[in-house]
Colleague: 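Quick one: this structure, given as structure tokens, is what I'll be asking you about.
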Amino acid sequence: MNIDAFLEELNPELINWRRAFHQYPETGWTEYMTTYRIYKQLQALGLTVYTGTDAVETSARMGVPSDQELYAAEKRASEAGVPEKFLNKVAGGHTGVVAVLKTGKPGPHIACRFDIDALPIEESDTYDHVPAEKEFASSLPGSMHACAHDGHTAIGLGVATWLAKYRDELTGTYTLLFQPAEEGSRGAKAMVEMGWLDDVDVFLGGHIGIEDLTVGQVAATTEQFLATTKFDVHFKGTAAHAGKRPEQGKNALLAAAACAQHLHAIAPHSQGATRLNIGTLNAGTGRNIVPDQATLTGETRGETNALNDYVFQEAERIIHGSASLYDVEAEMKVVGKGTSAVCDQAFIRLLEQAATRSTAITEVLPVLSLGASEDVTHMMNRVQARGGTATYMIFGTPLPAGHHHPRFDYDEGVLKTGAAAFISLILECNQRGQQR
């Protein structure tokens, strides 16, 4: 199997896939067009494909958008050409795809995960932003692939294409997870609870970028996955005429504003890194009305689960204290949760060996620090808890702007590198017969 020849031939398709997904970015649980495109491509490759409630556990989803938001996304997907029969299958926010290839020959069960969702960011239209310059920037106002999930999806389809082409030469079982709603740590658990990882021997994940590196560099493992809790808080007060009867009002806006300020004063912990961020605050209806409603969204993070719990518990105390201070009610809802994880160190040596199979990998770095949260940890932990091994790679590329930025982009040469890393490791593990 000549990986380089395969990827050289596939490279134009990798780029086309990336640009098509980039142009139609859909946020978590609304990835209807994205899911349809992935499903059709995998089906054409002859893999066994699952979607809708066959792919994700309904009750395990977190942070599902409102019915109005889901309806609007479904309507948009229908107008863009997604068939009604398919939309009915994934309706109500049941996005994501799982593909399975069983060779029928004894060998390891290898699972790979690729996230597919976008972010609620307005993409830059400046001349020096490549997607704008080359006319594949987002066509959906307020949504953007600003974290490389478009590239991850393209890499996943590349891996699927390779598996389908060489299925007769492989052994074991392969499961490809195209996961929805990674942003906000909302979607992985819904796939985990469907049992897709329960008998997996080897789990592989990866991310484009993270650090400003060169194409060809690949980190075999990742450290410092921050545990995280995502939350929404709704403050409910009493409206009143701000001039005639201000004393009758209970100001939800002031409670939320005070809360946001006090939350950012939570003390750091001596045992490791902690984070808190309030991302949005919406309140009030008019300048002459005491605001009776306010909503803020935020997150906590910690280097360990215990550190994240510390920040979250402090946040709960401050939220309810702020509500009490202004005599309003506060309702807090957890809408996403991620955990910490540790990669198996054996993958450093495995990738060093595997990298000799492809010139697309020029240097193997033993480890890089994520310093953020990743929904993939739910999958890694499930595999390891049942006796398997797991790693999460990082694929190097120059970054003109950081992740979650309106000008985020990457060198499309990294698509070949990412696909080469997955394929090479699959071959290495397959040939070593790494079963539990």
Side-chain angles (χ1 to χ4, degrees), residues 1-19 22 110 112-115 130 147-163 165-166 202-224 343-371 374 376 389-403 408-432 434:
M1 303 178 197
N2 189 322
I3 296 174
D4 286 345
F6 169 80
L7 290 176
E8 190 61 34
E9 182 179 348
L10 188 68
N11 194 50
E13 199 66 56
L14 289 173
I15 293 172
N16 287 339
W17 284 329
R18 181 265 166 142
R19 294 185 179 185
H22 189 92
I110 300 174
C112 304
R113 179 275 212 160
F114 313 95
D115 39 9
V130 172
C147 202
H149 296 188
D150 52 347
H152 300 167
T153 307
I155 289 170
L157 291 178
V159 172
T161 303
W162 179 83
L163 287 172
K165 182 172 183 176
Y166 293 105
V202 177
F203 177 84
L204 306 176
H207 206 300
I208 290 169
I210 305 298
E211 299 290 346
D212 194 39
L213 300 170
T214 60
V215 170
Q217 291 180 301
V218 180
T221 64
T222 303
E223 64 182 6
Q224 204 184 27
C343 293
D344 287 288
Q345 296 303 293
F347 283 98
I348 298 173
R349 181 62 178 157
L350 280 172
L351 186 59
E352 288 172 347
Q353 291 289 334
T356 62
R357 301 173 185 270
S358 173
T359 60
I361 304 172
T362 59
E363 182 182 5
V364 174
L365 307 174
V367 62
L368 279 177
S369 175
L370 184 67
E374 231 295 354
V376 73
T389 58
T391 196
Y392 190 75
M393 298 173 284
I394 294 176
F395 312 124
T397 174
L399 297 173
H403 292 260
F408 176 81
D409 192 29
Y410 51 85
D411 186 326
E412 289 176 328
V414 74
L415 301 175
K416 281 174 63 176
T417 301
F422 275 101
I423 292 169
S424 298
L425 264 183
I426 286 172
L427 269 178
E428 193 71 21
C429 293
N430 184 274
Q431 291 184 3
R432 292 185 182 212
Q434 294 206 348

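Side chains are part of it too, since the values below use all heavy atoms of this structure and drop only hydrogens, waters and symmetry mates. Each residue takes its place number in the sequence, starting with 1.
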Colleague: Specify the closest pair of heavy atoms between Cys343 and Tyr392, including all atoms of both residues, with the distance to one decimal.
Modeller: SG-N, 3.4 Å
Colleague: Using the test side-chain contact (heavy atoms from CB on, under 4.5 Å), find all partners of Glu8 that sit at least two apart in sequence or belong to another chain.
Modeller: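 Scan of Glu8 (side-chain contact (heavy atoms from CB on, under 4.5 Å), adjacent residues dropped) gives Lys416.
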Colleague: Rounded to the nearest 0.5 Å, what separation is found between the CZ atom of Phe6 and the OH atom of Tyr166?
Modeller: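 Phe6 atom CZ to Tyr166 atom OH measures 7.0 Å (nearest 0.5 Å).
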Colleague: Of all heavy-atom pairs between Ile361 and Ser424, which one has the smallest distance, and what is that distance?
Modeller: CD1-OG, 4.4 Å
Colleague: Other residues, nucleotides and ligands only: do more than 12 of their heavy atoms fall within 6.0 Å of CD on Glu211?
Modeller: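 Incorrect, the count does not exceed 12.
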Colleague: Leu415 versus Trp17: any side-chain heavy-atom pair under 4.5 Å?
Modeller: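 In short, these two side chains do not touch, never coming nearer than 4.5 Å.
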Colleague: According to side chain to side chain donor-acceptor pair (under 3.5 Å), who are the partners of Thr356, at least two apart in sequence or on a separate chain?
Modeller: none
Colleague: With a 3.5 Å cut-off and sequence neighbours excluded, list the donor-acceptor pairs that the side chains of residues 362-369 form with protein atoms.
Modeller:
unit_1, atom_1, unit_2, atom_2, d
Thr362, OG1, Gly216, O, 3.2
Glu363, OE1, Gln217, NE2, 2.9
Ser369, OG, Gln224, OE1, 2.9

Colleague: Considering non-hydrogen atoms only, spot the tightest contact between Cys112 and Ile426 and give its length.
Modeller: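 Nearest pair, atom of Cys112 first, then Ile426: SG-CD1, 4.0 Å.
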Colleague: So which atom in Leu7 and which in Ala419 form the shortest heavy-atom distance, rounded to 0.1 Å?
Modeller: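 Closest approach of Leu7 to Ala419, heavy atoms only: CD2-CB, 3.8 Å.
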Colleague: About how many Å separate CG of Leu10 and CD1 of Ile15, when rounded to the nearest 0.5 Å?
Modeller: 10.0 Å
Colleague: With sequence neighbours excluded, what pairs up with Glu223 under the salt bridge (charged side-chain N to carboxylate O under 4.0 Å, His left out) test?
Modeller: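 Glu223 satisfies salt bridge (charged side-chain N to carboxylate O under 4.0 Å, His left out) with no residue once adjacent residues are dropped.
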Colleague: Between CD1 of Ile3 and OG1 of Thr359, what distance do you get to the nearest 0.5 Å?
Modeller: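 The OG1 atom of Thr359 is 10.0 Å from CD1 of Ile3, to the nearest 0.5 Å.
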Colleague: So do Thr222 and Ile210 actually touch side chain to side chain, heavy atoms under 4.5 Å?
Modeller: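 The answer is no; the side chains never approach within 4.5 Å.
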Colleague: Could you list the residues that satisfy ring-ring contact (aromatic ring centres under 6.0 Å, His included) with Phe203, not counting sequence neighbours?
Modeller: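 ring-ring contact (aromatic ring centres under 6.0 Å, His included) check on Phe203 returns nothing, list empty.
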Colleague: Is a donor on one side and an acceptor on the other found under 3.5 Å between the side chain of Thr391 and the backbone of Ala220?
Modeller: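 Yes, the answer is positive, given that a donor and an acceptor are paired below the 3.5 Å cut-off.
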Colleague: Do the side chain of Asp344 and the main chain of Ala390 share a donor and acceptor less than 3.5 angstrom apart?
Modeller: yes
Colleague: Look up atom CG in Leu425 and atom CG in Leu351, then write down how far apart they are to the nearest 0.5 Å.
Modeller: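 Result: 5.0 Å between the selected atoms.
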Colleague: Does the side chain of Glu13 reach to within under 4.5 Å of the side chain of Thr161, using non-hydrogen atoms?
Modeller: no
Colleague: What's the spacing between Leu14 CG and Glu412 CD if we round to 0.5 Å?
Modeller: 10.0 Å
Colleague: Nearest 0.5 Å, please: how far is CD1 in Ile394 from CG in Leu370?
Modeller: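 Between atom CG of Leu370 and atom CD1 of Ile394 there are 6.0 Å.
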Colleague: Which residues pass the ring-ring contact (aromatic ring centres under 6.0 Å, His included) test with His149, sequence neighbours left out?
Modeller: His152
Colleague: List for me each residue that meets side-chain contact (heavy atoms from CB on, under 4.5 Å) alongside Asp411, sequence neighbours excluded, and say none if there are none.
Modeller: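 Here the qualifying residues are Val215, Thr397, Pro398.
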Colleague: Locate the shortest heavy-atom distance separating Asn2 from Asp4; write the atom from each residue and the value.
Modeller: OD1-N, 3.2 Å
Colleague: Taking side chain to side chain donor-acceptor pair (under 3.5 Å) as the test, write out the residues that go with Asn11, two or more places apart.
Modeller: none
Colleague: Report yes if some heavy atom in the side chain of Leu163 is under 4.5 Å from a heavy atom in the side chain of Phe422; otherwise report no.
Modeller: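 Not touching, per the 4.5 Å side-chain cut-off.
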Colleague: Of the non-hydrogen atoms in Val202 and Cys429, which two are nearest, and what is the gap between them?
Modeller: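 The pair with the smallest heavy-atom distance is CG1-SG, 4.0 Å.
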Colleague: Partners of Glu352 by salt bridge (charged side-chain N to carboxylate O under 4.0 Å, His left out), sequence neighbours excluded?
Modeller: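 Residues passing salt bridge (charged side-chain N to carboxylate O under 4.0 Å, His left out) with Glu352: Arg349.
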Colleague: Test of understanding: with side chain to side chain donor-acceptor pair (under 3.5 Å), list the residues that count as partners of Asp409, not counting sequence neighbours.
Modeller: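 By the side chain to side chain donor-acceptor pair (under 3.5 Å) rule, Asp409 matches Arg18.
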Colleague: One pair to check against side-chain contact (heavy atoms from CB on, under 4.5 Å): Leu204 and Phe347. What are the steps and the verdict?
Modeller: CA-CA 10 Å; Leu204 306 176; Phe347 283 98; 3.8 Å; yes
Colleague: Checking Ala401 now: which residues fulfil side-chain contact (heavy atoms from CB on, under 4.5 Å) with it, not counting sequence neighbours?
Modeller: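 Here the qualifying residues are His405, Arg407.
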Colleague: Could you work out, with side chain to side chain donor-acceptor pair (under 3.5 Å) as the rule, every residue matching Asn16, not counting sequence neighbours?
Modeller: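 Result, side chain to side chain donor-acceptor pair (under 3.5 Å) vs Asn16: none returned.
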Colleague: For the residue pair Phe408 and His403, does the interplanar ring angle fall in the parallel (under 30°), tilted (30 to 60°) or perpendicular (over 60°) class?
Modeller: tilted
